Protein chains: 2
Amino acid sequence: MLIRDLSRAAGVPASTIRYYERLGLLQAPQRSAAQYRLYGTADVERLRFIQKAKRLGLSLTEIGQLIALRAGGTAPCQQLKAMVSSHLQQLDQQIAELQALRQELATYHSNLAAQLTDDATAPTETFCQGTICGFIEQVSYDA
Amino acid sequence: MLIRDLSRAAGVPASTIRYYERLGLLQAPQRSAAQYRLYGTADVERLRFIQKAKRLGLSLTEIGQLIALRAGGTAPCQQLKAMVSSHLQQLDQQIAELQALRQELATYHSNLAAQLTDDATAPTETFCQGTICGFIEQVSYDA
DNA sequence: CTAAACCTTGAACCTAACTTCAAGGTCAAG
DNA sequence: CTTGACCTTGAAGTTAGGTTCAAGGTTTAG
């Protein structure tokens with residue numbers, strides 16, 4: 001299988017396949033007489049593995065660690081559990097932050113919409129009082 | 001005011017101040033005889049404006065657009081409203097995606113936790129059946 | 001037999017918002 | 001009068017996950 005076939009089979013660009021090989025996520029494949037990379041079905045599996053692990057939010061570095069563990073003869077599931085647990089925490093924090101921002105932004109937008117008409121020719125100057133924009137200058141600075 | 005004073009007054013590193021100047025977010029300041037940048041209180045205001053706009057989730061590029069509008073004599077509030085509106089939409093989508101992933105990851109983690117004990121010496125091999133890790137290889141590929 | 005469509009490599013480029021570095025000038029304290 | 005803390009510039013490095021490019025070799029269809 002040439003790199004384009006692997007690319008099609010796994011839905012990953014050839015450039016990305018070569019990139020993964022450089023990162024050590026894929027083994028260096030066999031070569032044809034003309035130095036073309038030759039792949040087998042195990043490589044399709046490996047690429048799919050990487051795609052799935054990415055879907056779980058794992059970084060390429062983390063995926064590399066799992067692969068390395070397995071290559072060293074250890075089942076990487078305990079490690080995986082720790083990674084997933086850590087990602088869950090990060091996700092919770094990130095969601096909380098985004099929701100807080102969303103809430104703030106929504107209030108802010110209502111405020112803006114109530115004071116500004118959609119008419120582009122309206123005298124917004126009356127409302128936008130500030131050095132650059134009073135609506136921004138009202139924003140609190142901390143947090 | 002020297003750059004370090006502005007830096008302290010606004011809580012922004014001197015390197016970032018020079019960076020903002022290059023981006024056009026801050027006007028080129030006056031210079032001392034030795035070419036040191038000299039700032040006034042308006043620059044403190046401007047930097048605080050930038051910090052506040054960043055708090056609203058605006059990019060430096062967007063902030064630059066607002067500043068440019070004001071410099072051109074137009075109140076940038078309508079533009080701001082559009083930016084905030086667009087960011088709200090993006091935020092909603094991002095939150096929805098993260099929540100879906102969180103849900104999936106939580107289920108996945110329960111599954112993992114139920115089958116793996118915390119005992120590092122446990123025979124995880126029994127459970128982790130797969131080329132690299134059966135738990136990952138079960139993950140669905142699409143979406 | 002030639003032109004298109006591949007393949008190879010290493011290096012450079014991309015985003016965003018900075019930070020760091022190198023090499024040099026300035027200024028205040030002791 | 002020197003040491004150390006600052007200032008200047010332009011360029012390069014950072015992160016992550018790739019993509020694009022240049023220059024060259026190969027393979028295949030017509």
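So you know, we letter chains A, B, ... as the sequences are listed, proteins then strands, and number each from 1. Every value quoted in this text rests on a predicted model; they were computed, and no experiment measured them.
For dT8(C), the OP1/OP2 oxygens have a side-chain nitrogen or oxygen of R18(A) closer than 4.0 Å. At least one side-chain nitrogen or oxygen of R4(B) sits closer than 4.0 Å to the OP1 or OP2 atom of dC7(D).
Rounded to whole Å, the distance from CD1 on I3(B) to C1' on dG25(C) is 16 Å. Atom-to-atom, CE of M1(A) to P of dC6(C) comes out at 17 Å; the value is rounded to the nearest Å. Regarding L6(B), its CG atom lies at a distance of 11 Å from the P atom of dC7(D), rounded to whole Å. Across the protein-nucleic acid pair, I63(A) atom CD1 and dA16(D) atom C1' stand 12 Å apart, rounded to whole Å.
Of the residues in residues 23-37 of chain A, those placing a heavy atom less than 4.0 Å from an atom of DNA chain C are R31(A), Q35(A), Y36(A), R37(A), in numerical order.
For the side-chain contact (heavy atoms from CB on, under 4.5 Å) test, residues two or more places apart in sequence or in another chain that qualify with T107(A) are Q103(A). Remark: L69(A) pairs with T74(A), P76(A), Q79(A) by the side-chain contact (heavy atoms from CB on, under 4.5 Å) rule, at least two apart or across chains.
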Contact list (N/O, under 3.5 angstrom) for nucleotides 17-21 of chain C vs protein:
from	atom 1	to	atom 2	distance (Å)
dA17(C)	N7	Y19(B)	OH	3.4
dC18(C)	OP1	K54(B)	NZ	3.4
dC18(C)	OP2	Y20(B)	OH	2.7
dC18(C)	OP2	K54(B)	NZ	3.2
dT19(C)	OP2	S15(B)	OG	3.2
dT19(C)	OP2	T16(B)	OG1	2.4

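With contacts defined as side-chain heavy-atom distances shorter than 4.5 Å, the pair M83(B)/L56(B) does not qualify.
Pairs engaging residues 92-114 of chain B under the salt bridge (charged side-chain N to carboxylate O under 4.0 Å, His left out) rule: R55(A)-E104(B), D92(A)-R102(B), R102(A)-D92(B) [sequence neighbours left out]. Sorted by first and then second residue, the side chain to side chain donor-acceptor pair (under 3.5 Å) pairs involving residues 8-34 of chain A (not counting sequence neighbours) are E21(A)-R37(A).
Y36(B) and L6(B) are members of different hydrophobic clusters when ILVMFWY side chains are connected at heavy-atom separations under 4.5 Å.
The two residues F49(A) and I67(A) have their closest heavy-atom pair at CE2-CG1, 3.9 Å. Residue S85(B) comes nearest to H109(A) through the heavy atom pair CB-NE2, 3.5 Å, listed as atom of the first residue, atom of the second, then distance.
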